[in-house]
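Each remark here refers to the structure printed beneath this line.
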Amino acid sequence: MSETVEKKDPARDEWYAVGISADLRPGEARETILVGEPIDIRREPGGAVIVSKSDGRACPVRERYGHVWTSIGAPDHDLFAIPEADQEGRVLVDVGAVRVRCSPLRAVENFLDIAHFPYVHTDILGAEPQTEVVPYKVHVEEAGDEVWATKVKFFQPQAAKSAEGGIVTDYKYRVPAPTTAILYKTCPPRPGEWDVITIFVQPIAEDLCDVWPWMALFDEDNSLAELIHFQQMIFLQDRSILENQVPKLLPLDPKMEIPTRADMTSVAYRRWLKRRGMTYGAQTAAA
Amino acid sequence: MSKWVPVALADGLKPGGVMRAVVGDQDLVVWRTTAGAVNAWNNRCPHRGMRLSFGFVRGDRLACLYHGWQFGADSVCRYIPAHPDLEPPATITATVYGARERGGLIWVSLSGEGEPDMPDIAVHPVRSLAVDVAPGDLLAALRGACFPVSETWQAGSGTFSHEDLGEAVVAIDGVDGDARCRLVAAVQPLPDGRAMLHLLVDEGPDDGPHDGPAAALKLRLSDWAERLRWFLENPQATSASWTPVLVEERAA
C-alpha cells in the first residue's frame, strides 16, 4: 500500500470556515491555522480557491454561506445544508472574524444559551426582571445527526436591529457540526419567516478560535454596516465571558459543571460531542 | 498550612465591592456584602465556570455575571434567574476560604485555620502598589527604609527603627525633631513572582480622612512608595536625589 491511511479524527475530518469568500480576490492569498495546522488559502486568477498545507498537500474546498470552507482531514460527509441561504429576499451578511481566547466548543455552547441574555446583553437581548427560561424541546435529529432545540421563547427588549420595543422572541437552534451553530429567530418585519444567524467557529488551537458570524436576514431598513455593527457588539459582549471561563476547555464530564433546566441544549450538545468523540477543545476527565 | 495573605487594603474594597486575588495557584474572588462582611471563595461559578470576580453584589449575595446566579455569604446558591420559582439545591456552592479584616487589611487563607499574623491595630490606608521584585527583597528593603517623616524632612536626617509586626508586615517608625510617624507595610506575593506592597500609616488620633494634613501626608507617602519601587526595580541606576532605603542597608 502506497497511500498513508490516516486514523479517523472527528476534529480533523470536519469542515470549517476559514475566511470570507468576498475578501479573497483573484491572485490573493492568506495564511491561517486550522486545528493546530498552518494552511495557505489562495484564489487563482481564474477564480478557484486552493487550500494547501505547509507540505503542499491540497485540502478539500467549498465556497458556501459567504465563506471558504476546508478540512485538514478527510470529511466523509459534505458540508451541511442551510436552505435559507438560497431563499429570495434575504440579506446575506458576512460579519467578519472575532478572535476569542477560548475553546471553540465553549464559543458554540455560549451561542446556544439564552439565560445569559439579561446579564451579558443587558437591555438588548434581555433585561431583568424577565429572566425566566420557559421549558423548550431538545432532540438529536437522527438523519443528519444534528442537535436541535425548538419552541424556545424569551423576552427581548431589542431582539434585532429591526425590532422596536420589547417582544417575546421565538427561537430554534441547530447544531449541524461540532463548531457550527445556527439560530432561527422571530423575524420582526416578516412574521412567519425566521431570521437566520449563525456562527462558524474556526478552531485555531484547543483554547483559541476565530468566530465567523454570518446572517441571512429579512431586513430592508438597516444598512449592511449597521447589521454588522449590531452583531459584532453582541459577540464582543460574549467574548468578555468566554475568555473568563475556567477551565478554558469545555468539560464533558457532567460532574464538572452543574446545569439547570435552562441548559438542556448545552447538556445535549456536550453529550453529542462526547458520543462523536469530538474532544478537541474539550476536557474529558474531571480536573 | 494556615498561612494568611494580605490581599488588599480594607478601605480598597467598599461595601458591595468585588475583586480578584490569587494566592499560590488558587484564583479567588474576594467580595464585601453591602452590610460590610468580607468573603473569599474559589473564583469560579459552579454552573458554567465563569470567574465570579466579574460578578456583582446584591445585598448579602454575590451574583455571577454570566447568568445572574446568586450565592449567599455561605456560598450556597439561593437564586437562579432562569427559574425564578425554583429553590436551588443546597449542593450548588462555591468553595469557601478564610477571609478576615485586620490591621486595615483584608487577609485570606486557603485553609481558614488560625488568624492573620498581625495585631489588629488602627491604621489608615495609603495605597497598594505592585513592585517588580521578589517579596523577600521588598520585605528586606522595608526593614531598612527611611521616609519623609514631615513636610520639612530632609534626606539623611531623622532616626528610623523597624519592627516586624508579623511574617509579612513591617512597621517603620520615623522621628525627625518634633515630628514622628509610623508606617505599616504589608507584602503580598503575586503569582508572577512580583510583590504587592500594601501601605498604611498610623498618624495618631484620627482627625477624619479629608482634613488637610492627612491628605498631604498620604500624598507624601504615596510618592515615597513610588520612589521605593523605582529604587528597587532599578538597582544599577544612580540617582542624584535621596534613596528611600538607608545607605548602610543597601550596602548590606
Side-chain angles (χ1 to χ4, degrees), chain A residues 102-103 105-107 109-110 112-122 126-136 152-155 237-267 269-270 282-283 286-287, chain B residues 18-31 40-59 61-72 75-97 191:
Chain A
C102 76
S103 154
L105 308 178
R106 288 254 195 216
E109 184 178 78
N110 172 72
L112 302 173
D113 181 85
I114 43 176
H116 73 283
F117 288 172
Y119 299 97
V120 181
H121 311 296
T122 311
E128 291 182 300
Q130 283 111 333
T131 57
E132 183 167 10
V133 176
V134 295
Y136 57 89
V152 183
K153 288 181 189 299
F154 203 69
F155 176 85
Q237 292 173 340
D238 286 315
R239 186 172 68 175
S240 64
I241 297 294
L242 290 169
E243 298 196 337
N244 285 290
Q245 281 177 280
V246 183
K248 278 192 179 300
L249 302 186
L250 182 77
L252 295 187
D253 182 330
K255 290 191 291 293
M256 280 282 292
E257 293 182 346
I258 304 168
T260 183
R261 229 170 41 231
D263 301 309
M264 277 165 50
T265 318
S266 144
V267 170
Y269 174 61
R270 291 184 184 199
Q283 179 173 305
Chain B
V18 186
M19 60 171 276
R20 180 185 184 186
V22 180
V23 175
D25 56 6
Q26 194 58 247
D27 198 343
L28 307 178
V29 54
V30 183
W31 65 282
W41 302 344
N42 184 18
N43 192 11
R44 182 172 185 273
C45 179
H47 175 218
R48 284 295 177 256
M50 179 64 189
R51 289 199 170 102
L52 287 170
S53 54
F54 286 78
F56 52 95
V57 174
R58 290 213 174 139
R61 295 174 181 175
L62 176 65
C64 178
L65 176 64
Y66 197 0
H67 298 95
W69 287 27
Q70 293 180 8
F71 300 86
S75 100
V76 176
C77 183
R78 298 293 179 199
Y79 183 62
I80 296 176
H83 305 298
D85 300 327
L86 176 82
E87 189 180 326
T91 48
I92 305 179
T93 61
T95 307
V96 180
Y97 300 113

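Labels below follow one simple rule: chain letters A, B, ... track the order of the sequence lines, proteins then strands, and each chain is numbered from 1.
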Exercise. Taking all non-hydrogen atoms of both residues into account, name the closest pair between B/Ser53 and B/Met19 and its distance.
Key: CB-O, 3.9 Å
Quiz prompt | Part of B/Leu65 lying under 4.5 Å from any heavy atom of chain A | solution = both
Quiz item: Taking A/Tyr136 for the side chain and A/Met264 for the main chain, is one N or O donor matched with an acceptor at less than 3.5 Å?
Solution: yes
Quiz item: Is it the backbone or the side chain of B/Tyr66 that comes under 4.5 Å from a heavy atom of chain A, or both, or neither?
Solution: both
Quiz prompt | Greatest number of heavy atom pairs closer than 4.5 Å to chain B - which of A/Asp263, A/Asn110, A/Val120, A/Ile241 | solution = A/Ile241
Self-check item: Contacting region of A/Gln130 [heavy-atom separation from chain B under 4.5 Å]
Solution: neither
Self-check item: Contact class of A/Pro118 relative to chain B, heavy atoms under 4.5 angstrom
Solution: neither
Self-check item: A/Met256 side chain near A/Pro247 side chain, heavy-atom distance below 4.5 Å
Solution: yes
Exercise. Could you tell me which non-hydrogen atom of A/Val246 sits nearest to which non-hydrogen atom of A/Glu257, and how far apart they are?
Key: O-OE2, 3.9 Å
Quiz item: Of the backbone (N, CA, C, O) and the side chain (C-beta and beyond), which part of B/Arg48 lies under 4.5 Å from a heavy atom of chain A, both, or neither?
Solution: both
Please table the atom pairs, donor to acceptor, closer than 3.5 Å between any side-chain atom in residues 81-95 of chain B and protein atoms at least two apart or in another chain.
residue: B/His83; atom: ND1; partner: A/Arg261; partner atom: NH2; Å: 3.2
residue: B/His83; atom: NE2; partner: A/Ala262; partner atom: N; Å: 2.9

Quiz item: Any salt bridge between A/Glu132 and A/Lys153, counting N to O under 4.0 Å?
Solution: no
Quiz item: Just checking heavy atoms, which of residues 20-29 of chain B are less than 4.5 Å from chain A?
Solution: none
Exercise. May I ask you to decide if the ring planes of B/Phe56 and A/Tyr119 are parallel, tilted or perpendicular, using 30° and 60° as cut-offs?
Key: parallel
Exercise. Can you tell which part of A/Gln237 gets under 4.5 Å to a heavy atom of chain B, answering side chain, backbone, both or neither?
Key: neither
Quiz prompt | Flag side-chain contact, heavy atom, 4.5 Å: B/Met50 against B/His67 | solution = no
Quiz item: Is there a side-chain contact between A/His116 and A/Asp238 (heavy atoms, below 4.5 Å)?
Solution: yes
